[in-house]
Every structure is written in structure tokens, then in C-alpha cells.
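As C-alpha cells, the structure follows; a few thoughts come after it.
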Number of protein chains: 2
Amino acid sequence: MAVTIKDVAKMANVAPSTVSRVIANHPRISDKTKKRVREAMEHLGYHPNFIARSLANQSTRVIGLVMPGSAGVFFQNPFFPTVLQGLSEGADEKQYALQLTTGKTDEEIYEGVVQMVQGGRVDGVVLLYSKVEDKLMMYLKERAFPFVMVGKPFKFVEEITHVDNDNFRATKEAAEHMLDLGHERIAFIGGDLNLVVTIERLLGYEKALREAGHPLRDDYIIHEEFLREGGREAVNELMTLKEPPTALIVADDLMALGVLNTLDDMNIRVPEDISIISFNNVLMAEMSKPPLTSVDINIFDLGYQAAKSLIQKIEDPKEPIKRVIVPHQIIKRCSCTNAPKQQKKNP
Amino acid sequence: MAVTIKDVAKMANVAPSTVSRVIANHPRISDKTKKRVREAMEHLGYHPNFIARSLANQSTRVIGLVMPGSAGVFFQNPFFPTVLQGLSEGADEKQYALQLTTGKTDEEIYEGVVQMVQGGRVDGVVLLYSKVEDKLMMYLKERAFPFVMVGKPFKFVEEITHVDNDNFRATKEAAEHMLDLGHERIAFIGGDLNLVVTIERLLGYEKALREAGHPLRDDYIIHEEFLREGGREAVNELMTLKEPPTALIVADDLMALGVLNTLDDMNIRVPEDISIISFNNVLMAEMSKPPLTSVDINIFDLGYQAAKSLIQKIEDPKEPIKRVIVPHQIIKRCSCTNAPKQQKKNP
DNA sequence: TTGTACGCGTTATCAT
DNA sequence: ATGATAACGCGTACAA
């Protein structure tokens, strides 16, 4: 059995409560006993028991992390480890620990989080995604359990503390970058339409084109959740249109890498034949050939701010709803260039 | 305040202990009361409190995950999310939760783990790496606290349950693959020499060359922990040797990608001018140009088996020391080809 | 400034 | 088959 507060008390000739107070650095304990108690702790190799402490305090200093149901793709994307790093740093600063939810299906995850929450395992929860209809979010909201969302809530934007980029504006700027380069035929390759981020980005894209007076073409908008061959056909289709696009806005670097591969197979050169800009600016973006122009969304910060905000909310329940917008910035590399003077049409 | 076992007891007109027994599905409780209690639980929306349960049981059903100190690079490597997925699945099956350690420096991490362990936050620990002198490992070993290591322990191989690949053999096979293709000038680019995996792989490489009767050349062995430009110079140096290698064994796909880039800048073609084989077979390996021949080490399984083994050890302390070797296999793609007939020398 | 006594929500032992 | 009671280790009114 481990050494407890009582053992320390006995050794220091004080009451257990006194030891407890020393641990909490209670002000009105004489320096003399403080010292004596600390020596006893040292001597016995005492370490406070978190579990007992949690039970007494009704607080665990643990934050639950919720991954989306489609964890497979989520895990593979460099986005995940990077937010995690941010969360880790934010949590660490305030001495919080991070706990992961496991579970494959949405239903399993939901159950897991309910256990976590009702079981008192965690003081708060971070939702690492934002999707359109989210039962889990509604559950947390209704119970008024402390949580923050990474991404923009689909509903109740004003009522949910969240950390997000301005994806609408970011994508608008990306499109405008292409427009500035003289492109007119700009296509959009987005991800899962159930994710709010996809919707926001699509909207930004559309807005930019509309403002520039360009028509929105359905055949220029693709949605795939592909990492590997998935989007091959889609890109193929896109590029064999009568009027193929001269510029591509791709919602994710990883997807862009796939697109790059497909394009290469089709003997279409980047950026000579087609320009590409993508999102996230992960490590691979700069290692690809050509290096990708990418919108850096500061993923680490997303995580860091999320942790910070959640902890604030946990520690002060009166903390108001907050919306943190993490800045983005276009990192220009080599995958974009001016539009060809006369835009070729496929025969 | 949440609904407790007592509330349920009151509602069902039984003692709290009876409710507890119903939860545990104790055999000698009449079906009638079982039903009555369950109805009450349902009605009140009762969820057991994990913390209280942990305190009473002296067990948390939580597994602690320890990342290496250089978490930055570790996080960026696709290795991490993939083991994590395996761990997650293994833990989930047995209803265990995963908790991460935070902390930047080795010292911080050490302290964090000690807190976790002594504080009773976790029932066991997974070390996600194996390095040469590991204070933390010694600590766990000496306390006889349940833990497993992903990778081969540097010392006490027989005394520490671990999950690993046969990295020695894997690398030997990789080198033999090159030898079979007629290569004689084979270089090795490894990672951090403090990691046991690096050592094992180096040894396997050397063994293969020695068996083939080829000399070991110091200038053919490089160690870098680079993801980006880091290894640029090293590769440059290697390729401007009087007798540059015709084949490269790279200890990590991500590093290989960097090498590929450098090579491209130097106008050295893969595989025409030089063959490359690397390790891990992560997603990027098949998306690169050319697609990389890579040794698949079944990272997911590494995690899955680690979780399984740890849980066994937690639940049965008499469980003997185990060593789990996860199989590997060479995935042949396009980055290797026959050695050039007459090996060019640089002028 | 310090000690006493109780509660946090469960499980487990010992009765009945 | 079930109930009372004592842990589990700590925090905290309340008392002294």
C-alpha cells in the first residue's frame, strides 16, 4: 500500500488535515510545521493520490478529447498530431492531463463520452471537429457540461465556445489569389460535406467567384474524402471537361498531394498547366514536388487556444461564451502561377 | 449533484450495497430486485462514478502513454497516430481509457509519469519508444509497476515485456534485397543513435554487408534526425563521394522523402541512378514520386499488441514477461532497381 | 495555528 | 438474498 497523508501526519506528529493544508500551501500554517511536514513527505516519498483528491474535490484536472467517428482518416492526417501538440501544451501549462476517447462508430464514441462525463472522469471536453448534426454536441450543451469545439459550430454559433479559423475568408482569399493571377476557371475540391469546415470553405470560394463576376459551375465543385486513389476519378473527370479548370483550390494538403499524383499521371504539369493552392500547410506541403502553396491555419494554435479556453471555462463557470479566431496566412510556394494567356480547351 | 448509488437504492427500496451488486451483476441477487434496481437506475439516469469506483477498487482502468522527450518530431511522424490507433483499439476492447503525458523536456516527462504512477492515475504505462539510457524505464522497473515498451529494451531484454519488430532482421533483409539487385555500394541513413531501433537497424545493415563480403565504410553511414532540410548536407556529402553509393537504406519513410527531395535537386534520379528502400510504409511512401519501396512494420499492430500485453499484465500480475515480435514485410514499389552495370565514379 | 469529524461515491466484509 | 458498516485517501467546515 502506498504512503498516505496519514503516514506523513504520524511521522510529523500532526493531524492529517494539517498535512493536507501543507500540500495546498495553506497560509496559516506555521513555517515550522510546514517544514516538518515537508521533511516527512520527502522522507517517506509521499505522493498525493489524485483519485482520492478528485473524489473529495469533485474535479479531476483531466480533459477529454473527442475524435470524429471516422477516426481512421482523422488519425492519418497531420492535422491531428498537431492540434494534439497544441492541446498538450495548453493543458500542461495548467497542469491538466489529456484523455482520449476510444471507439470506432459514432454511437460508440457517444457512449464513451457519456461515460466519461457522467462518470466524472473528466472536467471538460474538447470536440476536435465540427459536423452538421451532432448529437454529442447537443448532449454536452444541454447538460451545460464544459466543452469547447475546434471548428465552427453548425448551429448555436453564439452559444458555444469555439476555436476556429475564419475559413470563409481564408478560402475567399485563396480564390482571390488565383483571380489575381488571372485565373478564371477555378475549381474547388472539398472534403466531407458533413463537416462545417468544408461548407465554410465552399462558401468562401463561391463568394470570391461571385464577386469577381465569374459563373459558378457545378462541374467545378467536387467533394471527396480521399487520401489515396479515392479522388483519382474525380480529378480525371474534372480535367477532361470541355473547359478544364486552370486553377484548383483543394481543402487539404493531403488531398492536394493525391491530386498532384493524379495530375502527374495525366501528364498535366503544376503549375505550368494548372495552379494549386491547398490548406493546412503541413510538413508535406513543402516537401512535395512542386512545393505547395498552402494556407497556413496555425493548427497548433487551434489546439493551444482550445485547451486554454476550456480550462478557463472549467475553472470559472461564469466565464462567458467565447469565440477565438486563429489567424491564417497564405504561404506562397511553387504550385501557383499566372493563368495561361489563352486558355486551352480540350478538343 | 449527480445521481448516486444511494438515490437508486432509495428509489428501489434496497440498500446501496445491493445496488452495487446489481451493477457488478452479482450472481445471488434475485432477478426480481435486479429488475427493480435496474428500472430505478434507468429512471434516474444513473451512471456509476468512475472516480469513487477507482478509489474503492484501487484501479482506474486507465493506461498512461509516454511519448519521447523530443515530442516535436515524434508527433510529426505518421508513426505516432498509427500506434495510437492500435493502442486505442486494444484498450477499447478491454474498456480501458488512454491518457497522454504532457511535458516538453525529458525531466518534465519523467516528473509527469511519476505523478501519474504514484498518484494512482493509471494502472499501467506504455513507453512509446526505447532509448539507450532510460531513467524512466528504470524507475518503472524498480517499482515493478506494470508497463510495456514499444521497441526493444536496451538493457534487461529478458526482464521487460515489450512489443517490437525484428528490426535487425528486417534491415538485413532490406540490405539483402539491394544486394540481390546487384548493388555493392549500399549506404545507410539512420536516425537518432540514442534510439535502440536505430542501433538494431544499423546492426542488421552491417551484418548483411559483412555476410556478402562487402567492406563496411564509415562514410556510407549517416545519422540524422532530420525531417526537413536537416539531412540535406549529409546526403550531399554522401553523393559527392569519390565512390557514391548506388543504393540507400533509409531508416524512416519521412526521412526518405527528404532524401528524395535532395536527390531531385541534385539531379540524381531514383531509381535509375540510385535505389532507395525505407521503413514504416506510411501513407506518404506510396504517394511519393517515385513510390517508395518500404518495409512495412505493422505499426498499428505494434500499438494493438502493446495495449493487449499491458492489460494482461495489469489484470494478472503473475503474467510472465513477454516479448511480442510483430512481423514485417518488404513492400516493393518503384524506388529500387538493378545496380548499374558499371558503377560510375565521381571524377 | 492546528485538530476533529464528516463527506465524496463505491466496493467489500461480515452479518442476518 | 440482502443490509449495515467499514474502508479507499483526501479536503474542509467547525471547533478548539
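In this structure, A:Arg28 reaches the bases: a heavy-atom distance under 4.0 Å links it to at least one base atom across the strands shown. Across all strands, B:Ser30 comes closer than 4.0 Å only to sugar-phosphate atoms, never to a base (heavy-atom distances). Nucleic acid contact for B:Val14: sugar-phosphate only, since backbone atoms but no base atoms lie under 4.0 Å from a heavy atom of the residue. Using a 4.0 Å heavy-atom criterion, one finds that A:Pro48 contacts the sugar-phosphate atoms exclusively. Across all strands, B:Asp7 comes closer than 4.0 Å to no nucleic acid atom at all (heavy-atom distances). Residue B:Ser54 is classed as having no contact, given no heavy-atom separation below 4.0 Å to the nucleic acid. Residue-level contact check: A:His26 touches neither bases nor backbone, having no heavy atom under 4.0 Å from any strand. No engagement by A:Asp31 is indicated, since no non-hydrogen atom pair under 4.0 Å with the nucleic acid exists.
Between the base of D:dA4 and the side chain of B:Ser17 there is a donor-acceptor pair shorter than 3.5 Å.
Distances were taken from every side-chain heavy atom of B:Arg53 (C-beta onward) to each of D:dG9, C:dG3, C:dT10; the shortest belongs to C:dT10. In the set C:dT2, D:dC10, C:dT11, the nucleotide with an atom closest to the side chain of A:Arg21 is C:dT2.
Atom CZ in B:Arg36 sits roughly 11 Å away from atom C1' in D:dT2 (whole-Å rounding). Following rounding to the nearest Å, B:Tyr46 (OH) and C:dT10 (P) show an atom-to-atom distance of 3 Å. As a whole-Å value, the separation of B:Asn57 CG from C:dT13 C1' is 15 Å. Distance, B:Ile5 CD1 to D:dT5 P: 17 Å, rounded to whole Å. Here the P atom of nucleotide D:dA6 and the CG atom of B:Leu55 are 17 Å apart, to the nearest Å. Rounded to an integer number of Å, the gap from CD1 of A:Ile51 to P of C:dT11 is 14 Å. Between A:Gln118 atom CD and C:dT10 atom C1' the separation is 17 Å, expressed in whole Å. Separating the CG atom of A:Asn25 from the P atom of C:dT2 is a distance of 13 Å, rounded to the nearest angstrom.
With respect to B:Lys308 and B:Glu93, a salt bridge is recorded, a charged nitrogen being found less than 4.0 Å from a carboxylate O. For the pair A:Glu315 and A:Lys94, the salt-bridge criterion is not met [side-chain N within less than 4.0 Å of a carboxylate O].
Relative orientation of the A:Phe80 and A:Phe74 rings is tilted, given thresholds of 30° and 60° on the angle between their planes.
Side chains of A:Asn165 and A:Lys152: no donor on one and acceptor on the other come within 3.5 Å. In this structure, a donor-acceptor pair under 3.5 Å is absent between the side chains of A:Tyr96 and A:Asp123.
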